[in-house]
Amino acid sequence: MDKKHLIAGSILSADLLDLGNDIQKALDVGTDIIHFDVMDYHFVQNLTFGPDLLKQIRARFTDAILDVHLMVEPINEKVLGDYAKAGASMISFHPEATPHVDRYLSFIREQGCKAGLVLNPGTDTSVLRYLWERLDFVLVMSVNPGFGGQKLIPAMMEKIKEVKAMAAAAGANIQIEVDGGVAPNTIRACADAGAEMFVVGSALFGKDDIAKAMSDLRAALA
Ligand code: DX5
Ligand code: ZN
């Protein structure tokens, strides 16, 4: 298996009444990362999970990489600290959610987590310019955040390439994650553009046969 490409399963599309078993199945078929979408009905028009659920997931899956994508505002020490304490491995937020992006990226690392910034489809890459040394990863949204099951916006492939080129020019060692509409028919283009972590919700947890869903994704990447 090519571990240059990490699949992050978004539990947004999991069976929430059978979540533990769904996560176990996803890990069993080789899901590398569990992606945890936090929505607050303010930053996006949907409401999902909080730190108590994350804590239970961490208690049961002690070795899993737990990737917390915060679609909440405002971002502050309380929010970030809650998810870090609950067991997040990686935390990302949107620059529109706070005037203190630099400070809170540093804070995430101080909590022992990898720090990421998320770019909405309409958000320019220039926001990254003075932040490279604070960043472990950049999450490029390939749909507008809030809901699973949307269609990938093709123009975001250019943005991934741009982030990759900007990071290289800045000498920054970051990983690019892509989120939204990633499926067997779109994942190759994301990889070719420079993404290494692929958030997959409906095309993984949303499928009845998760083993086949994973092998279809891996086959498209191979
Ligand atoms: C959307 C979330 C995504 C979502 C992706 O706001 O950030 O993580 O679960 O779902 P799919 O893969 O179905 O587009
Ligand atoms: Zn997400």
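Reckoned from all heavy atoms, side chains included, excluding hydrogens, waters and symmetry mates. When a ligand or atom number is given, it counts from 1 through the structure's own listing order. Nothing fancy with the numbering, it's 1 onward along the sequence. Source: prediction; values computed, not measured.
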Would you call the rings of His94 and Phe43 parallel, tilted or perpendicular, where under 30° means parallel and over 60° means perpendicular?
-> tilted
Any ring-ring contact (aromatic ring centres under 6.0 Å, His included) pairs touching residues 98-151, not counting sequence neighbours?
->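 Of all non-adjacent pairs touching residues 98-151, none passes ring-ring contact (aromatic ring centres under 6.0 Å, His included).
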Near [X], which atoms of ligand 1 are under 4.0 Å from a heavy atom of that residue?
X	result
Met71	6 (O), 7 (O)
Met39	6 (O)
His35	8 (O)
Leu12	4 (C), 9 (O)
Asp179	2 (C), 3 (C), 4 (C), 5 (C), 7 (O), 8 (O)
Gly146	1 (C), 6 (O)
Gly180	14 (O)
His69	7 (O)

Answer whether the closest heavy-atom distance between the side chains of Met90 and Ile65 falls below 4.5 Å.
->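 A side-chain contact under 4.5 Å exists here.
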I'd like to know whether [atom1] of [X] has more than 12 heavy-atom contacts from other residues, nucleotides or ligands below 6.0 angstrom.
X	atom1	value
Gln45	CD	no
Asp15	CG	yes
Glu110	CD	yes
Asp63	CG	no

Taking non-hydrogen atoms only, is Ser202 closer than 4.0 angstrom to ligand 1 via side chain, backbone, both or neither?
->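 The part of Ser202 near ligand 1 is both the backbone and the side chain.
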Let me know which of Leu119, Thr123, Ile174, Val101 forms a side chain to side chain contact (heavy atoms under 4.5 Å, CB included) with Leu128.
-> Leu119
Option passing side chain to side chain contact (heavy atoms under 4.5 Å, CB included) with Phe93 (candidates Leu139, Val79, Leu105) |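 Of Leu139, Val79, Leu105, side chain to side chain contact (heavy atoms under 4.5 Å, CB included) with Phe93 is met by Leu105 alone.
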Heavy atoms only: give me the nearest Ala8-Asp67 pair and the separation to one decimal.
-> CB-OD2, 4.4 Å
Determine the minimum heavy-atom distance between Val72 and Ala97, stating which atoms define it.
-> O-CB, 3.3 Å
re atom 1 (C) of ligand 1, the protein heavy-atom contact at minimum distance is Phe147 O, 3.6 Å
Near the Zn ion (ligand 2), which protein N/O/S atoms fall under 2.8 Å?
->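 Listed by chain and number, the atoms are His35 NE2, Asp37 OD1, His69 ND1, Asp179 OD2.
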Path from Leu152 to Val140 over hydrophobic side-chain contacts below 4.5 Å |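 Linked, Leu152 and Val140 end up in one cluster.
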Could you pull out, from Ser92, Gly181, Pro145, the option with a heavy atom nearest to atom 14 (O) of ligand 1?
-> Gly181
For atom 9 (O) of ligand 1, the option (of Ser10, Gly201, Gly148) bearing the nearest heavy atom |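 Nearest heavy atom to atom 9 (O) of ligand 1 lies in Ser10.
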N/O of Gly149 under 3.5 Å from N/O of ligand 1, yes or no?
->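 Indeed, backbone or side chain, Gly149 has an N or O that close.
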Would you say Asp37 and ligand 1 have an N/O pair spaced under 3.5 Å apart?
->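 Such a contact does occur with ligand 1.
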Has the side chain of Ser142 got a donor or acceptor atom that lies under 3.5 Å from a matching backbone atom of Asp179?
-> yes
Look at ligand 1 and say whether Val143 reaches it with a heavy atom at a distance under 4.0 Å.
-> no
